[in-house]
Number of protein chains: 2
Amino acid sequence: MTTPGLRERKKQDTRAALAAATLRLAVEHGLAAVTVEQIAAAAGVSYRTFFNHFSVKEEALLRPAGTERTFAVHLAEQEPQLPPLPAARAALRSVLADLDADREAWLQRLSVIAAEPDLLPRLVELGTADERAMAEAIAARTGLDVDTDLYPGLLAAVLSCALRVTLNRWHRRGGREPLDRLFGEAVDALAAGLPGPSAA
Amino acid sequence: MTTPGLRERKKQDTRAALAAATLRLAVEHGLAAVTVEQIAAAAGVSYRTFFNHFSVKEEALLRPAGTERTFAVHLAEQEPQLPPLPAARAALRSVLADLDADREAWLQRLSVIAAEPDLLPRLVELGTADERAMAEAIAARTGLDVDTDLYPGLLAAVLSCALRVTLNRWHRRGGREPLDRLFGEAVDALAAGLPGPSAA
DNA sequence: CACTTCGTTGCACACTGTGCAATCTTGCAC
DNA sequence: GTGCAAGATTGCACAGTGTGCAACGAAGTG
């Protein structure tokens, strides 16, 4: 927890500039129509530098900040005696709060995805890394083995889905409904065992 | 439902040859280390022809047959009064039976994925098309709207996850446990509302 | 036997993503 | 402040992906 340091700060600035340029250009022309070269130019850095920060073009759109292990941190903060599902749900609420702090940008990102159906899979693709981390955090909390036991992997996978579906609905409603409530609906349906189409 | 015709048959042969060559080479060297050019050569066709059948390299590994809408068909066959979750579960059992008919090949495909972690996301990526189809089939059955109602999209997403987790477990156990039973365990946990780590 | 349809092929091309080496700036110790 | 190590940026070359286009030939149709 030492001082960030000038070097680290400039690095984050570069990443942020690239992410911002990506978002702006993608909103304008669609991500597919924008080349990495254009993004780098708009951010004032070289083509090669782009790949020092992001390994894939999509990453610049969908992971503007560094690889945050926020879920694991938030999960660890929950009361130890809380069952896994409520604990994970509370942790994800915190993650969603972070997203909500950047409302406009995230709604724009979701718009870019909605406008280019081919990109939706890539969003999911980026999400698998987080899903893996989530599974490991759940395994650590429950004392299970992430590789042999069913529960951690299944819960993480299912919650990732709920998150994805929720973001999709949130965007389709113009971000007017509170993200929190939409996610709550999804998790409630899960906790009830997907009994049937009760929630319209 | 007319006769397939010689032309159509040859087309399927070409696709099958490409898929088989892809699997063989990928098992041997890993998919990333194999180029499309090598695959095409091994299948006895030109480089360009590969992309007449598959739009992405991964597709040749993970979708050896044509784009089958098997789930929707199987779902339509279920008793109309059956609730959505059991109906979808039964339909997916049929899909899994199809996979099981090709046991060895599918276990090999899963091995290729397991050996190359970077590929797992791409599997998910390919799966999103099926997920969308699944959501539409469920929407049609329940009379809900796939775009505005929560239920179809959520159920399809969650079942896709269960399927993915199940295939993963199946492979890790060497394909010895019946695919059917592993999937049943996952869906049981879902139907129970993910109460806690009861199923070890 | 025309005539259409369509899968295959070759070619050119824009772009992605990587390895490598050079350069420059920051952080740190003396 | 001077020198040195760490690391971020850059340029260059390169393998490979995926696409558009036009030509060719075999399969389907009358």
Side-chain angles (χ1 to χ4, degrees), chain A residues 1-19 21-22 25-26 29-63 65-67 116-119 121-122 125-126 129, chain B residues 1-19 21-22 25-26 29-63 65-67 116-119 121-122 125-126 129:
Chain A
M1 195 65 82
T2 65
T3 251
L6 175 57
R7 178 182 271 161
E8 186 63 20
R9 220 180 316 145
K10 290 186 87 167
K11 183 176 179 181
Q12 294 309 323
D13 285 352
T14 307
R15 186 183 177 109
L18 283 167
T22 303
L25 291 172
H29 310 103
L31 184 60
V34 175
T35 70
V36 173
E37 192 158 7
Q38 294 171 331
I39 295 171
V45 295
S46 81
Y47 171 89
R48 194 62 185 76
T49 294
F50 180 93
F51 291 103
N52 287 344
H53 291 271
F54 309 100
S55 56
V56 190
K57 206 213 296 191
E58 286 76 15
E59 195 180 344
L61 182 71
L62 297 170
R63 299 185 73 96
T67 167
E116 279 168 296
D118 292 358
L119 255 63
R122 306 305 282 264
E125 178 172 338
L126 269 294
Chain B
M1 195 66 80
T2 66
T3 251
L6 175 57
R7 180 183 272 165
E8 185 64 19
R9 221 181 314 143
K10 289 184 89 168
K11 185 178 178 180
Q12 294 309 324
D13 284 353
T14 307
R15 187 184 177 108
L18 283 167
T22 304
L25 291 172
H29 309 102
L31 184 60
V34 175
T35 70
V36 172
E37 192 158 8
Q38 295 169 333
I39 296 171
V45 295
S46 81
Y47 171 89
R48 193 63 185 77
T49 294
F50 180 93
F51 290 103
N52 287 346
H53 291 272
F54 308 101
S55 56
V56 188
K57 206 213 300 190
E58 286 75 18
E59 195 180 344
L61 182 70
L62 297 170
R63 299 184 73 98
T67 168
E116 277 167 298
D118 293 358
L119 254 64
R122 305 306 284 263
E125 178 171 338
L126 269 293

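Chain letters run A, B, ... following the sequence lines, proteins first and then strands; every chain starts at 1.
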Donor-acceptor contact present, side-chain Glu116(A) to main-chain Ala32(A), <3.5 Å: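 A pair under 3.5 Å: yes.
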Any donor-acceptor N/O pair, Thr49(B) side chain to Val45(B) backbone, under 3.5 Å: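 Flag not set: sc Thr49(B) to bb Val45(B) has no pair under 3.5 Å.
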May I have the distance from [X] (atom [atom1]) to [N] (atom [atom2]), rounded to whole angstrom?
X: Leu119(B); N: dT17(D); atom1: CG; atom2: P; result: 13 Å
X: Leu18(B); N: dG18(D); atom1: CG; atom2: P; result: 14 Å
X: Asp13(B); N: dA27(D); atom1: CG; atom2: C1'; result: 14 Å

Nucleotide by nucleotide, nucleotides 8-18 of chain C touches protein heavy atoms under 4.0 Å in the pattern (B base, S sugar-phosphate only, - none) BBBB---SBBB
Surrounding CD of Glu37(A) (heavy atoms of other residues, nucleotides or ligands, distance under 6.0 Å), is the total greater than 12?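 Count not over threshold, so no.
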Plane angle bin for Phe54(B) and Phe50(B) - parallel if under 30°, tilted between 30 and 60°, otherwise perpendicular: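 Aromatic pair Phe50(B)/Phe54(B) classed tilted.
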Stepwise, does the side-chain contact (heavy atoms from CB on, under 4.5 Å) test hold for Asn52(B) with Thr14(B)? CA-CA 10 Å; Asn52(B) 287 346; Thr14(B) 307; over 6 Å; no
